[in-house]
Protein chains: 2
Amino acid sequence: MVTIKQVAKRAGVSFKTVSRVVNNDPTVKAENREKILAAIEELGYQPNLAARMVRKKNSDVIGFISDEISTTPSSVDILRGAQDRAWELGKTLMVFNLDHKKPTPIKLLEECRQHRAEGVIYGAMYHQPVELPETFDKQPTVMVNCFDPNVERASIVPDDQQAAYDVTMQLLNKGYKRIAFLNLNPEIVAAKLRLAGFEQALQEFNIEQSNYLVETVERVIDGHTSDVTREVAERVIEEFKPDAILCGKDLVALRLYFVLEHKGLRVGQDIGVASFDDWDCIPQLLVPALSSVALPYYQMGRAAVSRIVEMVGDKQVSTHIDRVKCQISSRESF
Amino acid sequence: MVTIKQVAKRAGVSFKTVSRVVNNDPTVKAENREKILAAIEELGYQPNLAARMVRKKNSDVIGFISDEISTTPSSVDILRGAQDRAWELGKTLMVFNLDHKKPTPIKLLEECRQHRAEGVIYGAMYHQPVELPETFDKQPTVMVNCFDPNVERASIVPDDQQAAYDVTMQLLNKGYKRIAFLNLNPEIVAAKLRLAGFEQALQEFNIEQSNYLVETVERVIDGHTSDVTREVAERVIEEFKPDAILCGKDLVALRLYFVLEHKGLRVGQDIGVASFDDWDCIPQLLVPALSSVALPYYQMGRAAVSRIVEMVGDKQVSTHIDRVKCQISSRESF
DNA sequence: TTGTAGGCGTTATCAT
DNA sequence: ATGATAACGCCTACAA
């Protein structure tokens, strides 16, 4: 590999002058700068970041420990956002995956520290509580799409309650009066928060208990989650006769579309449908296109990096939880 | 940060002895090893990889330039596979995303070289030709899910032709006699290869041209691809009356299911359906569950890292193209 | 404006 | 079995 000294020799100056050019120090004679830049070009010199890192105190590296994030199709956007923001700020994101049978978070954190990461981001595949080991206190840490139920830690999560409130309000404002909510497994954080937002909106409209319904479409048996959307949806439509259905995620809506197609009910006309996730191409693929509340994963990823860089700079630890607003992608299903 | 010297002081030995312990050099007295390990534990010492890298010639870093890979839900599995394999081999994968309006591949390659990456993997979101700049010749390079149409370069791609051949053979063996193939945009590599595999199987069964049909379900207008599965499927079913339909991807099959539901045709009974991708939970979500040929993304990611590590070790450049076999996930749709 | 000396944390060499 | 000493490529401080 080409070193700074070889460039210096080629350009006929001392290596320090080359260093100045590389680091944009203005105190270099234009003529020398030209020569040096030419030499750099010719030799294909690239500064050795490792050597630089040894001498300087900052590594410009941010660790990202992703708890099955890249296993889940939608939440990869967190990584994309984080990557993009890191690039903008001149930082390098070093990503480590954490799978079922894979290294512990502690091992991955050690890896981060060996690379002298200035801070560490811990991201989860879906909004959930995560108890991080104490070792995470040793450097700035930001949690994305998760939070520590015991310790106060800087966190970025989607505002699920606002999301449910907003979409329910929009349904009510459009005149829907009997809404059924096909919620996810009630144990998960998002389901709880969305239920709260849903009921909050209903209260504002003074909708009575008999005029709305909440059902779960996920059965958990032995830790395995199975989906029962079709049977639940059929029953709900038969017995409760809703004029609109809010789905816990796009895949629930997708199954619902099949049920409605089968029953001859036209989405957007005979019955309104709304959903959460706005996952990839699924909403546009459906006919009519599904209105869905987008989870702001990309923004969350960006926010996480912004936050960690702030923490590294200020040294002041602000441990508040950022709830990122979710936007409704309005289409034709209600 | 704790240095090796601080550990040495604590343990009452020279820093070189500590270095030996850290690097598993057996020539250290057991008693001293104990003391040193204890000191390391107490101080929370983590070796500085940057400093190590300055001294050693190998960085154990592999660069991964992902061309919109993480934008595409399925192909992230390439990254997962690469990460996993890298971890197994004691390497660190440094991932850089390449988006539409983002840094050029050349810039990202420079980044890799600044980190002294031992080799670079270039991954694409879907099987396609990619012309890499000449600068990629300067170090071991492996292409995943893509290939260079001009230069011979080590590449890992899915065996689309075999995939189509296998699934078509399976359809024919099960007794289907009039197969319609709803293929993707014929300009893309996968579509061409699959068509070849499809026809190869038909020939082996001596199926005449009048007894199979190939249609495109993607319209490209001004560079934008739009899907016309529904209208094409309706026409094909009406006019050609196939007993089985092979879909270019799961999302095409998904749309087809709606058409079939609408027409009252029962999948797996009145008509067989097969597909490519085996994308996430979509195949299982459909009723009956969709049989689909899985793209071996995870394996390809692993293979890419294995390959680059070999190249780094052997210095002998083998530029052949690895075609990774695709497995059929058999379910109930045919 | 430029160059020299010293040091960052580690590994390699060669004594002891 | 252990420890000085040099070296890696770069940056900082200071001197010229």
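Letters A, B, ... are given to chains in the order of the sequence lines, protein chains preceding strands, and every chain is numbered from 1.
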Lys/Arg-Asp/Glu bridge criterion (N-O < 4.0 Å) met for [X], [Y]:
{"X": "Arg85(A)", "Y": "Glu88(A)", "value": "yes"}
{"X": "Arg307(B)", "Y": "Asp322(B)", "value": "yes"}
{"X": "Asp148(A)", "Y": "Arg153(A)", "value": "yes"}
{"X": "Arg323(A)", "Y": "Asp159(A)", "value": "no"}

Please tell me which of the listed nucleotides, [options], lies nearest to the side chain of [X]?
{"X": "Val13(A)", "options": "dT2(C), dC11(D), dG3(C)", "answer": "dG3(C)"}
{"X": "Lys56(B)", "options": "dA12(C), dC11(D), dT1(C)", "answer": "dA12(C)"}
{"X": "Val54(A)", "options": "dC10(D), dT11(C), dC8(C)", "answer": "dC8(C)"}

Between atom [atom1] in [X] and atom [atom2] in [N], what is the gap in whole Å?
{"X": "Arg113(A)", "N": "dG9(C)", "atom1": "CZ", "atom2": "C1'", "answer": "16 Å"}
{"X": "Tyr45(B)", "N": "dG9(C)", "atom1": "OH", "atom2": "P", "answer": "10 Å"}
{"X": "Asn58(B)", "N": "dA12(C)", "atom1": "CG", "atom2": "C1'", "answer": "14 Å"}
{"X": "Ile4(B)", "N": "dA12(C)", "atom1": "CD1", "atom2": "P", "answer": "11 Å"}
{"X": "Phe15(B)", "N": "dT11(C)", "atom1": "CZ", "atom2": "P", "answer": "10 Å"}

Exercise for the section: Specify whether Phe147(B) and His127(B) have parallel, tilted or perpendicular ring planes, treating 30° as the upper limit for parallel and 60° as the lower limit for perpendicular. Expected result: perpendicular
Is there a donor on the side chain of [X] or the base of [N] sitting less than 3.5 Å from an acceptor on the other?
{"X": "Arg52(A)", "N": "dC10(D)", "answer": "no"}
{"X": "Arg20(A)", "N": "dG3(C)", "answer": "yes"}
{"X": "Lys16(B)", "N": "dA12(C)", "answer": "yes"}
{"X": "Arg55(A)", "N": "dG7(C)", "answer": "yes"}

Exercise for the section: Report which part of the nucleic acid Val28(A) touches: base, sugar-phosphate, or nothing (heavy-atom distance under 4.0 Å, all strands). Expected result: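 Contact class for Val28(A): sugar-phosphate only.
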Exercise for the section: Determine the contact category for Thr27(A): base if any of its heavy atoms lies under 4.0 Å from a base atom, sugar-phosphate if only primed atoms, P, OP1 or OP2 are that close, otherwise nothing. Expected result: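 Base contact.
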Hey, is the side chain of [X] poking within less than 4.0 Å of OP1 or OP2 on [N], counting only N and O atoms?
{"X": "Thr17(B)", "N": "dG3(D)", "result": "yes"}
{"X": "Ser14(A)", "N": "dT2(C)", "result": "no"}
{"X": "Asn23(B)", "N": "dT11(C)", "result": "yes"}

Fill in the blank from the handout: Between Val2(A) and Asn32(B), the residue closer to the 5' end of DNA chain D by nearest nucleotide is Asn32(B)
